[in-house]
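Notes follow the structure.
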Amino acid sequence: MSFDRPQYGEYASPEEQRARAGLPPLGTQPGAAEPAASVPDPTPSAAPTANRTAPARPVGRLVTFVLLGFGLVNVLSSIPQFVNMASTLNESMQMLGMDGEFTNYAAARTWGVVAVVILLAGYATTVWLSLRQLKRGRSAWWIPLVGFVVTMSLVSACISVVMFSDPAFTTGLLTPPVE
């Protein structure tokens, strides 16, 4: 018996097939009445399917595209708010009933642009990973959800840096509301 792999276009002998599958040789099985039934098919479909996943279902594809569409709307509607973060935070302070005005304009401009870049990069990565999984026939509905959580966590950190670096905002958070 040869332990070399068959060359391209050659079929492996039954002994080589059993050796590659980790089965004992044909003569050692006591109940081997039909040796042809125990020999695996040498076609590529007989390859181990441990690495394969279930193909993407049409509903899963639809859910993936709907989530990516929601993400696109979120990204496009958030960009103006992050570019003009100082006025957005000033309005937030007024809605929360905080006295004072947001004054850290330089940090708001810088971190707003950083937040936009992170938001665009996170969305682009999410779309790329989702389409790659769908092209391979795998389920991808979970990728937009994970992409949203990761991207928004990073964007929230950028916003937090701006909010907590402004003295009026931190003072407004630390003082109890007056009734």
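Below, all heavy atoms of this structure are taken into account, side chains as well, without hydrogens, waters or symmetry copies.
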Check your understanding: Is there a side chain to side chain contact (heavy atoms under 4.5 Å, CB included) between Leu173 and Met98 once you walk through the steps?
Key -> CA-CA 8 Å; Leu173 286 177; Met98 294 180 186; 3.3 Å; yes

Practice item. Output yes when a side-chain donor or acceptor of Tyr123 lies under 3.5 Å from a complementary backbone atom of Gly147, and no otherwise. Key: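 Checked: no pair found.
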
Check your understanding: So, the side chain of Asp166 versus the backbone of Phe102: is there a donor-acceptor pair under 3.5 Å, distance only?
Key ->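 Pair absent, no side-chain N/O of Asp166 close to backbone of Phe102.
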
Exercise for review: Would you tell me whether Ser87 and Asn84 have side-chain atoms, one donor and one acceptor, within less than 3.5 Å of each other?
Suggested key: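 Yes, Asn84 and Ser87 have a side-chain donor paired with an acceptor closer than 3.5 Å.
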
Check your understanding: Can you find a side-chain donor-acceptor pair between Trp128 and Ser130 that sits under 3.5 Å?
Key ->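 Absent: no donor and acceptor within the cut-off.
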
Same cluster (ILVMFWY, side-chain, under 4.5 Å), [X] and [Y]:
X: Ile159; Y: Val149; result: yes
X: Leu154; Y: Trp111; result: yes
X: Leu76; Y: Val116; result: yes
X: Leu129; Y: Leu67; result: yes
X: Val66; Y: Leu145; result: no

Point to revise | Option passing side chain to side chain contact (heavy atoms under 4.5 Å, CB included) with Ile143 (candidates Val127, Thr64, Leu131, Thr126) | key: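 The side chain to side chain contact (heavy atoms under 4.5 Å, CB included) with Ile143 is passed solely by Thr126 among Val127, Thr64, Leu131, Thr126.
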
Minimum heavy-atom distance between [X] and [Y], given as atom pair plus value:
X: Asn74; Y: Ser77; result: O-OG, 3.2 Å
X: Pro144; Y: Leu68; result: CG-CD2, 3.9 Å
X: Met85; Y: Gly112; result: CE-CA, 3.5 Å

Can you find a pair of side-chain heavy atoms, one from [X] and one from [Y], that are under 4.5 Å apart?
X: Leu89; Y: Val162; value: yes
X: Pro24; Y: Arg18; value: yes
X: Phe82; Y: Ile118; value: no
X: Trp141; Y: Val59; value: no

**Study point:** Verdict with supporting geometry, Met152 and Leu119, side chain to side chain contact (heavy atoms under 4.5 Å, CB included)
**Key:** CA-CA 8 Å; Met152 291 313 286; Leu119 194 64; 3.9 Å; yes

**Study point:** Whether over 12 other heavy atoms sit under 6.0 Å from Phe148 CZ
**Key:**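 Counting neighbours around CZ of Phe148, 12 or fewer heavy atoms of other residues, nucleotides or ligands fall under 6.0 Å, so no.
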
Practice item. Give the intermediate values and the outcome of side chain to side chain contact (heavy atoms under 4.5 Å, CB included) for residues Val83 and Val113. Key: CA-CA 6 Å; Val83 171; Val113 171; 5.8 Å; no

